[in-house]
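One is the number of the first residue; the rest follow in order along the sequence.
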Amino acid sequence: MTEPTVESADLSSATAPLRRGVYLPPFGPFGDPEVLVDLAIRAEAAGWDGIFLWDHVLSAFPPVVDCWTALAAIATSTRSIRIGPTVTPLPRRRPWIVARQASAVSRLSHGRLIIGAGLGSDESGDFSRFGEEGSRPSRSRMLDEGLDMMWSMWAGDAVTSDGEYRVDLPAGAPEPHRIPIWVASSTRHPRVVSRAVRCDGIFPISDHTLEPDEVAGIVEALHAAGLDQNHPYDVVVSGNASPAWEKPNPDGVDLAAITDAGATWWMEPLIHFDPLELSGEVIDAGPP
């Protein structure tokens with residue numbers, strides 16, 4: 001069997017295909033690993049390009065499933081669909097542990113893993129209830145340092161650090177598959193944009209579905225920060241556009257317009273307060 005590979009779309013082309021995925025929280029109605037595996041198998045059969053999981057420790061809607069363990073199960077139960085955490089918070093999850101977890105899932109999936117990485121949030125107590133670092137500037141430094149550490153480990157390089165982390169790792173074997181990273185972003189702060197340019201994609205976190213002009217503005221900011229016009233790069237936009245919702249395309253999304261503006265991935269969120277049956281119907285209906 002030919003191993004599937006993960007490729008980013010080319011922002012230099014307005015006709016680059018729009019890949020479409022679903023992402024969901026692994027808690028509440030989805031807090032059963034067997035349910036997550038079943039939904040992933042159904043998503044692959046229905047033609048979705050990816051299925052991605054939130055990464056939380058706590059939730060007001062138990063039970064909570066560990067994101068990485070669920071992804072390993074999904075990797076061995078599917079053949080072509082792309083998978084990953086969206087978003088895993090490196091400042092809470094130690095980067096050397098994430099690097100090893102990612103290595104395992106990447107190998108199990110034969111190179112289908114994409115990592116969404118970010119600062120993380122404390123809305124459910126994932127930081128404060130465990131005495132984790134709560135300062136945003138500190139977490140920002142930890143994220144940057146953690147990204148460098150993971151890239152070095154995957155390349156098989158030795159890692160020595162005496163910054164936010166104290167690490168002394170010997171050289172090892174490089175990964176057989178490249179592991180792309182999308183960085184989550186809630187602002188266009190220059191440091192955030194510069195971080196995104198170093199990665200393989202950006203996932204803007206917003207309280208609304210981005211309009212085409214907002215997507216174009218993000219792409220423009222990336223290029224202004226040094227992203228090569230011809231460099232393959234992903235811009236991820238989320239919202240509800242499926243015709244299977246009770247109100248079809250509830251966000252009134254023009255997928256062609258956001259694609260022309262530079263989006264390369266559309267993410268259909270399945271929210272924990274939606275009935276599980278309805279989420280299944282959205283998946284079975286296939287990508288919008």
Side-chain angles (χ1 to χ4, degrees), residues 1-8 19-27 30-45 48-57 63-118 120 126 143 146-157 159 169 172-184 199-201 203 234 236 265 267 269-270 283:
M1 181 181 73
T2 301
E3 292 182 353
T5 57
V6 174
E7 298 178 351
S8 297
R19 294 191 173 99
R20 291 154 296 178
V22 294
Y23 79 114
L24 61 153
F27 48 77
F30 305 111
D32 180 339
E34 291 185 340
V35 167
L36 295 175
V37 170
D38 176 65
L39 291 175
I41 293 171
R42 290 163 63 179
E44 184 172 74
W48 293 90
D49 298 299
I51 185 165
F52 299 85
L53 304 181
W54 300 13
D55 186 353
H56 287 270
V57 178
V64 181
V65 172
D66 175 69
C67 168
W68 285 97
T69 307
L71 286 172
I74 290 171
T76 59
S77 303
T78 56
R79 294 170 61 89
S80 61
I81 197 168
R82 290 151 172 84
I83 62 176
T86 307
V87 175
T88 200
L90 281 191
R92 172 171 60 75
R93 286 195 179 265
R94 302 297 179 263
W96 51 90
I97 300 297
V98 174
R100 296 298 190 222
Q101 291 169 320
S103 171
V105 174
S106 177
R107 292 170 189 236
L108 286 170
S109 67
H110 301 292
R112 291 183 283 125
L113 176 69
I114 302 173
I115 295 181
D126 280 354
L143 176 56
L147 290 171
D148 287 333
M149 193 177 302
M150 292 200 304
W151 283 322
S152 294
M153 290 177 65
W154 294 335
D157 299 335
V159 180
L169 292 175
E175 285 300 308
H177 310 289
R178 189 172 181 278
I179 303 175
I181 295 179
W182 294 339
V183 66
C199 296
D200 303 279
F203 188 174
D234 281 318
V236 186
W265 271 86
M267 286 289 185
L270 306 179
I283 285 179

Chemist: Report yes if some heavy atom in the side chain of E44 is under 4.5 Å from a heavy atom in the side chain of I41; otherwise report no.
Modeler: no
Chemist: For E175, give me all partners under side chain to side chain donor-acceptor pair (under 3.5 Å), at least two apart in sequence or on another chain.
Modeler: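 Side chain to side chain donor-acceptor pair (under 3.5 Å) list for E175, sorted by chain: S103, R107.
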Chemist: Is any side-chain heavy atom of V65 closer than 4.5 Å to a side-chain heavy atom of V35?
Modeler: no
Chemist: Kindly write out the residues that satisfy side chain to side chain donor-acceptor pair (under 3.5 Å) with D49, not counting sequence neighbours, or none if the list is empty.
Modeler: none
Chemist: Distance from L147 atom CG to C199 atom SG, nearest 0.5 Å?
Modeler: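 Atom-to-atom, L147:CG and C199:SG are 5.0 Å apart.
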Chemist: Using 0.5 Å steps for rounding, measure from the OG atom of S106 to the CG atom of L71.
Modeler: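 One gets 12.0 Å once the value is rounded to the nearest 0.5 Å.
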Chemist: Please answer whether the main-chain N or O of H56 pairs with a side-chain N or O of D126 as donor and acceptor at a distance below 3.5 Å.
Modeler: no
Chemist: For the residue pair W265 and F52, does the interplanar ring angle fall in the parallel (under 30°), tilted (30 to 60°) or perpendicular (over 60°) class?
Modeler: perpendicular
Chemist: Verify, without hydrogens or angle tests, whether R92 (side chain) and L90 (backbone) share a donor-acceptor contact under 3.5 angstrom.
Modeler: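 Absent.
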Chemist: Only counting residues at least two apart or in another chain, list the ones meeting ring-ring contact (aromatic ring centres under 6.0 Å, His included) with W96.
Modeler: Y165
Chemist: With a 4.5 Å heavy-atom cut-off, do L24 and L39 have their side chains touching?
Modeler: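 The answer is yes; the side chains approach within 4.5 Å.
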Chemist: Mind checking side chain to side chain donor-acceptor pair (under 3.5 Å) for R93 and listing every partner two or more places apart, or none if nothing turns up?
Modeler: D55, D66
Chemist: Partners of F30 by ring-ring contact (aromatic ring centres under 6.0 Å, His included), sequence neighbours excluded?
Modeler: none
Chemist: Test your reading of the model: is there a side-chain donor-acceptor pair from R112 to the backbone of I81, 3.5 Å cut-off?
Modeler: yes
Chemist: Applying side chain to side chain donor-acceptor pair (under 3.5 Å) as the test, list every pair that has at least one member in residues 146-155; sequence neighbours left out.
Modeler: D148-R198
